Number of protein chains: 6
Amino acid sequence: MFLRIDKLQVEMPAPTEPDPNAAAAVQELLGGRFGEMSTLMNYMYQSFNFRGRDKLRQYYALISNIATEELGHIELVAASINSLLNGPESAGDPATGTASYKRAFKDVRNVHHHIVMGHGAMAANAMGQPWRGDYVFNSGNLILDLLHNFFLENGARTHKLRVYELTDNPAARQMLGYLFVRGGVHAHAYALALEELTGVEMKKMLPIPKIENVALPESRPYEDRGFHRKLYRFSPDDYKDVAAVWHGQALDGSGPLEVVDGPPEGGDLAKLDGAADAFTPEYHPEEIYEMAQKLYQKAR
Amino acid sequence: MFLRIDKLQVEMPAPTEPDPNAAAAVQELLGGRFGEMSTLMNYMYQSFNFRGRDKLRQYYALISNIATEELGHIELVAASINSLLNGPESAGDPATGTASYKRAFKDVRNVHHHIVMGHGAMAANAMGQPWRGDYVFNSGNLILDLLHNFFLENGARTHKLRVYELTDNPAARQMLGYLFVRGGVHAHAYALALEELTGVEMKKMLPIPKIENVALPESRPYEDRGFHRKLYRFSPDDYKDVAAVWHGQALDGSGPLEVVDGPPEGGDLAKLDGAADAFTPEYHPEEIYEMAQKLYQKAR
Amino acid sequence: MFLRIDKLQVEMPAPTEPDPNAAAAVQELLGGRFGEMSTLMNYMYQSFNFRGRDKLRQYYALISNIATEELGHIELVAASINSLLNGPESAGDPATGTASYKRAFKDVRNVHHHIVMGHGAMAANAMGQPWRGDYVFNSGNLILDLLHNFFLENGARTHKLRVYELTDNPAARQMLGYLFVRGGVHAHAYALALEELTGVEMKKMLPIPKIENVALPESRPYEDRGFHRKLYRFSPDDYKDVAAVWHGQALDGSGPLEVVDGPPEGGDLAKLDGAADAFTPEYHPEEIYEMAQKLYQKAR
Amino acid sequence: MFLRIDKLQVEMPAPTEPDPNAAAAVQELLGGRFGEMSTLMNYMYQSFNFRGRDKLRQYYALISNIATEELGHIELVAASINSLLNGPESAGDPATGTASYKRAFKDVRNVHHHIVMGHGAMAANAMGQPWRGDYVFNSGNLILDLLHNFFLENGARTHKLRVYELTDNPAARQMLGYLFVRGGVHAHAYALALEELTGVEMKKMLPIPKIENVALPESRPYEDRGFHRKLYRFSPDDYKDVAAVWHGQALDGSGPLEVVDGPPEGGDLAKLDGAADAFTPEYHPEEIYEMAQKLYQKAR
Amino acid sequence: MFLRIDKLQVEMPAPTEPDPNAAAAVQELLGGRFGEMSTLMNYMYQSFNFRGRDKLRQYYALISNIATEELGHIELVAASINSLLNGPESAGDPATGTASYKRAFKDVRNVHHHIVMGHGAMAANAMGQPWRGDYVFNSGNLILDLLHNFFLENGARTHKLRVYELTDNPAARQMLGYLFVRGGVHAHAYALALEELTGVEMKKMLPIPKIENVALPESRPYEDRGFHRKLYRFSPDDYKDVAAVWHGQALDGSGPLEVVDGPPEGGDLAKLDGAADAFTPEYHPEEIYEMAQKLYQKAR
Amino acid sequence: MFLRIDKLQVEMPAPTEPDPNAAAAVQELLGGRFGEMSTLMNYMYQSFNFRGRDKLRQYYALISNIATEELGHIELVAASINSLLNGPESAGDPATGTASYKRAFKDVRNVHHHIVMGHGAMAANAMGQPWRGDYVFNSGNLILDLLHNFFLENGARTHKLRVYELTDNPAARQMLGYLFVRGGVHAHAYALALEELTGVEMKKMLPIPKIENVALPESRPYEDRGFHRKLYRFSPDDYKDVAAVWHGQALDGSGPLEVVDGPPEGGDLAKLDGAADAFTPEYHPEEIYEMAQKLYQKAR
């Protein structure tokens, strides 16, 4: 079972300008075949269905623990999309037949962001197509599943690099800079697991594509702080066996790999105001806020 | 972000006989439109996209916290499916051209359980159709989202009752008995939230269908222990504001509602052996076990 | 706009034995690519999007009117599926942990009939896959659309013949016998429309496959009564221009084609009792019946 | 079975400027999960599969009758989309290698409107994704189905409000103004049905979102004429039992609810000319018009 | 089984300017319901599943041989899409946080062309929806299958004409000009096959829509060279029985139909350079080229 | 472009008993995510979209050539499915209201084999779900695409092994025995290509799962004849550069790898009779055979 902490894994910049088409592109990294929903659910189901758990404990621990980190990743990408969709109140009002800001949404690629979601993140890809449960690969054969995971992380990285090229909005770039580094840890970890079991030095194939994270301005600060050497153990007391896989040297020779007991420090969630003109949380947000606060006081 | 504990939310009986068609039916409760993947992701995205978080804190806390409990529910239903698919080794062996036990899978409803998953749970419904991201409803309008959640929990209950009728395998029935009670808590909590904001006494509509949990032999023990009055707070320190919604009396008048700080005690995961004849984790499981244990010793 | 009459287009026999796999097969004729949902929606959208309505009035009238007949066909196939799913009450009761009749549903092909629908017809095909809006073909080019419709009717007939071979349950066979004849009228009408506009004698291609309706024991009575010569005008006052297409001789030389002003006499809908053990309409049907009747009396 | 009247339920303004992206947005209200195809087919299948029809007659009548009204709604939304796609003939001609107006379609969101549909409405949502049969919810449990319908109507209203904000084209706004009122009647009617059966005053939750129809300039005229108090009985002689649900006072206190015997007066369908450059109905429309008229004369 | 020749069926112009939205539109002709993937797979499966192959040999040969030609058509349409996506190197570089050309892709309709495909053709339609295996129609009834194929070719032609109107990029127009002629041959051939078996003169319905290929500037040169009279036999020695169907006169009276032994002369594939900024084939293309060439020399 | 030879790549045994559920299972190997449609179309699109073709010629040649071999594999798996569906004529006849053999199809898993396909192979998986174009992975990054292909071949092998366990029908087993060997060649070839470009010895990971082909009774004869060392060049004159990748020693040390110029000898297609009771090719097959033969004689 799981616990939740009301923080993001990393600090994110405050929202700036809305950019719906950038938000649509970032959706690929959430709900696309190689998005965080996929990495999350692939590892989650692999942990649920793991056979020989006690005898293969380090691999069970590794997959289970990375799955938990991915929960924070869907949260982080969703936060980035929310920032890209967050905008100034419209001058318009349905009650006067006008709605000027929202009207700009008519021509965006993913109009579901407005009509269906009220300007929030969807479980869908960059074309608005829903994430599908058959994106989960879980053959039960340990080597094949690890090979898949190694491939999946590299496919995910390629898609992230291409989304990176489409926008320089800070809400997208900060998230990307962080995830290039964390995805790099995952790819490295699966490479180590495969190498142990097969003798094949998968890590020599990294990075795919052949551009180092450190070359990307938004990733460099995280690499400088050694995030690429750290595997966080996202659990109060369990999954300690990850250390039996995650040890040795960093790929860039910058120092030893280390298991960090517990999650990263993290950052606060952005405060997103309601939008009367999207009816989120209501047409008259102040009224519902007031009522909620009154009820809250009463209940204490 | 999230932490993970290597336990199920409740103790489960040991697997008995394999029953692939029952496993297929239980899939509806995992990957169907009203399955746990849906409750999980509906509440998860609603928490990601929540607007006016600080002013509507008790509703944010409620939705976020139930989402976290649902993570444990997909784990629990997946464990039940694994039990239903777990079986004795086949007398057959591909290398001799025979594979008697597996051959029985030819006529089952969901042959993907064998071919694709190696006898594990899928992110799919009872007909083997993948879970879809557009099962997530999140309008951003708080009242509409709460109304949806109330409806969703009752739809989920109806489907569970009908799956209950299809099998009396203990691995399915224990899971169902527990989830009728927990789902009941969620429906009740959403009813309370709606009642506060609209004055409409939704809780008078419960239960849907009109059969009490306590009437179901596998739920009664949990009701007797008061599980239907407890909202667990699945977090080290956050989401305490759930108490501003979850208070008052139980629907059956058995006592006051209470918020429990922390998760339930839980139960151990079943030990599932590898199956050579499904190649999970390998064709010669003992070889890979031995190697893994050697590597494990070396790494310590 | 539309009006509704609380009758089926034809009398149907009372339900006999439940036969879930036959019900599943008949679903193809409702929600499959060549099912009645498809013929309905193809002609409906073609009528909505028709260009040059006044100058091509006989074709507009023909398509619009057949669309309306198809509404009665989805109703008829759904009634047939309901009959095939209708069964004796189970001896079991969830409250005692038993549910013997429903348990038989565990092994059927379409378990959604039980879990999701409570034993009713779905908008899905014989494999339980949902009907899709892109089954609608509507190019806007009149000749291409008529050619499509001619093809669609013949594809539908082929699928019906194959479902006919799978079951001899009277609830399925009566519906099939009737629809072979009505589908024959539609294919003939589209052939006449095409022949007028292109000079190509499409009707010489009929029937496809080369087995006459009159050879099928359940169709013969309808042919004997001349149903294959009649185009019903399903409208109080409109679409009279169908007569400009539907005239001439029957394909079997049995007499002149005729337009009937108004719908056929039709037959009553079967009385389907509630099923406590499917919670339809409720777990204690008698209670809800009683309450409804009290409310009904009060409201009069 | 059904009859058809060759009129829309309400008068619509003549088409003005084409606006393909507005047409694409309006598609959500036709083929989206909360579009008119969904309300139509939900109620239609609920009426087909209704159990205990005679004992629960007022609910059967209500659902059956609203289903029939929804047939007119898919027609109305389709007419609005046709208006938004209707445009001046292109100066271009494929035969000269030019096609200037159509070329503008290259950059629209839903290019299928041109390529596949020849500028007509599709059974798809605002992202061009086809409507799906599993959007139909029909549990067979009466209370759950009514709760769903109440939720569905409010979800539909929220989506309509957001589409309203995207365009002020009269062809869209008139349709929306009318449907806000009719949808309000349906939500109210389902609330009354639920209240009778459960005692829960659902109607106090309306409207969702909290903006009154009367505040919307295009709805006000219909409210002024009392359309929000009228339930039309779309049948020559049946479904009279709706009156046992639809009685009492309007939510705005403006007077008593009333059942109108028969459909509204309605309005004429727009005359949509053929478009040579979309080959609808043909490349040389005049030729096919002339031939059709000649055939028409001959057949009379 | 199959052989491959490293040439396109026809010469194509060199790529000019990139035009991503035109590329997206052309996708309909590759992965849409009426695209080349559909014609290919329809005829391919019809040839795989053909019953009575030796007694109906001319029809088997015809369908099998046209299927083989369609393989070249998916290749040709893909080449056209590649041309439309091919562009100048970006001045930007991820390593400097800039990527100017690629950023323009943020607003295109099909952003998967960039993120997922690295600027190559997809097995998807103009809306980015994947081609589906159920686009294959194969009833096994010979007349119904031939009727379908005749319809399919004409639907494909209609879609092609509408894509033609959307762009005058030479890479699209040359492909279209050629395929109008080849598709015309296929429609004609299926018409002849149907006419033989049923006596119905389907060919009198052609062309649909009523615009002759010869009227289209890009098709005329191919018609002038008689391509519309030639059925290529795409096989070293087999399928000679096509001649039993493909004989008689061209529809335009320009001369006799003829079977050409072997494929057309064809044209070279365009040389598409790698794009460092799409990481295709790599971030530093020159490095991988050099390595590959070294390995190539060594291996000879 | 492509040529076709009217032979299978290998001889297949004559059909024996029909086994519809085995046929359904084998569908996974044709239309599943890891089926032959997927290997075919992955490599086909990778060859269409290849960048830097001349500088990376050995990889272009390898992928293009394996794609061509896969065309023969979809043909082979389809032939196997046809064998498993081929059966004795029914004693029944629709015209007498009886159809005994076909009635057995009512209870099979994939009833579309009867209703939709007339007992032929579908482009769908073992659950009857259509193959989808987004099963194609083609990032354009050469190393990532090769890594994917290596993974794909091993996933395909795992699924084949599990289908192998489900049936010992000779029509399935012979096909499987052959494809284990050919798939092994492809996995080996992609491993070699990756090793050249990255230095990582992927071939040491083979076989996945850890059961040698030679251990499978139906594969051994092909291994004995050295099929696992041969890469066929499926082209009259092109793709000779495959030899720059495919050289060195067999994995089992049995001898050198070799490129064979041209396709294997192959085997004849099975003669499948028409089935009157499936209307394939017609209800009275003899009539259509006779007519076709008459026409054939006349045309010569």
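Letters A, B, ... are given to chains in the order of the sequence lines, protein chains preceding strands, and every chain is numbered from 1. Because the structure is a prediction, the values reported are computed rather than measured.
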Greater than 12 external heavy atoms within 6.0 Å of [X]'s [atom1]:
X	atom1	value
D/E258	CD	yes
D/E11	CD	no
C/Q249	CD	yes

Any idea which heavy atoms bring [X] and [Y] closest together, and the distance?
X	Y	value
D/I143	C/E282	CD1-OE2, 4.1 Å
D/P281	C/L56	CG-CD1, 3.7 Å
D/M1	C/E265	CE-O, 4.0 Å
C/A292	D/K55	CB-O, 3.7 Å

May I ask you to test the [X]-[Y] pair for a side-chain heavy-atom distance under 4.5 Å?
X	Y	result
C/W131	D/V136	no
D/K298	C/E196	no
D/I81	C/F48	no
D/Y60	C/L269	yes
C/N82	D/R51	yes
D/L71	C/L71	yes
D/S47	C/E75	no

Interchain contact, [X] with chain D, by part (heavy-atom threshold 4.5 Å):
X	answer
C/H73	neither
C/M37	side chain
C/R233	neither
C/D145	neither
C/Y239	side chain
C/D237	neither
C/Y45	side chain
C/P285	neither
C/A193	neither
C/L40	side chain
C/M117	both
C/A67	side chain

With side chain to side chain contact (heavy atoms under 4.5 Å, CB included) as the criterion, how do C/L295 and D/Y59 come out once you've worked through the C-alpha distance, each side chain's angles and the decisive distance to 0.1 Å?
CA-CA 11 Å; C/L295 290 162; D/Y59 308 105; 3.6 Å; yes
For [X], is it the side chain, the backbone, both, or neither that has a heavy atom closer than 4.5 Å to a heavy atom of chain C?
X	answer
D/N86	both
D/L76	neither
D/H119	both
D/L8	backbone

If you count heavy-atom pairs under 4.5 Å with chain D, which of [options] comes out on top?
options	value
C/A278, C/G118, C/G120, C/A243	C/G120
C/A124, C/G266, C/A121	C/A121
C/A299, C/P130, C/G262	C/P130
C/N141, C/D134, C/L144, C/D238	C/N141

As an exercise, state the distance from CZ of C/F2 to CD of D/E70, rounded to the nearest 0.5 Å.
12.5 Å
Point-to-point distance, once rounded to the nearest 0.5 Å, from OG1 of D/T198 to CD1 of C/I288
10.0 Å
Residue selection (most heavy-atom pairs with chain C, distance under 4.5 Å) from [options]:
options	answer
D/G133, D/A61, D/G248	D/G133
D/A244, D/S235, D/P236	D/S235
D/N125, D/V245, D/L85, D/L197	D/L197
D/G72, D/G140, D/S64	D/G140
D/T280, D/I74, D/N49	D/N49

Criterion side-chain contact (heavy atoms from CB on, under 4.5 Å) against C/R4, the qualifying member of D/L3, D/N65, D/T68
D/T68
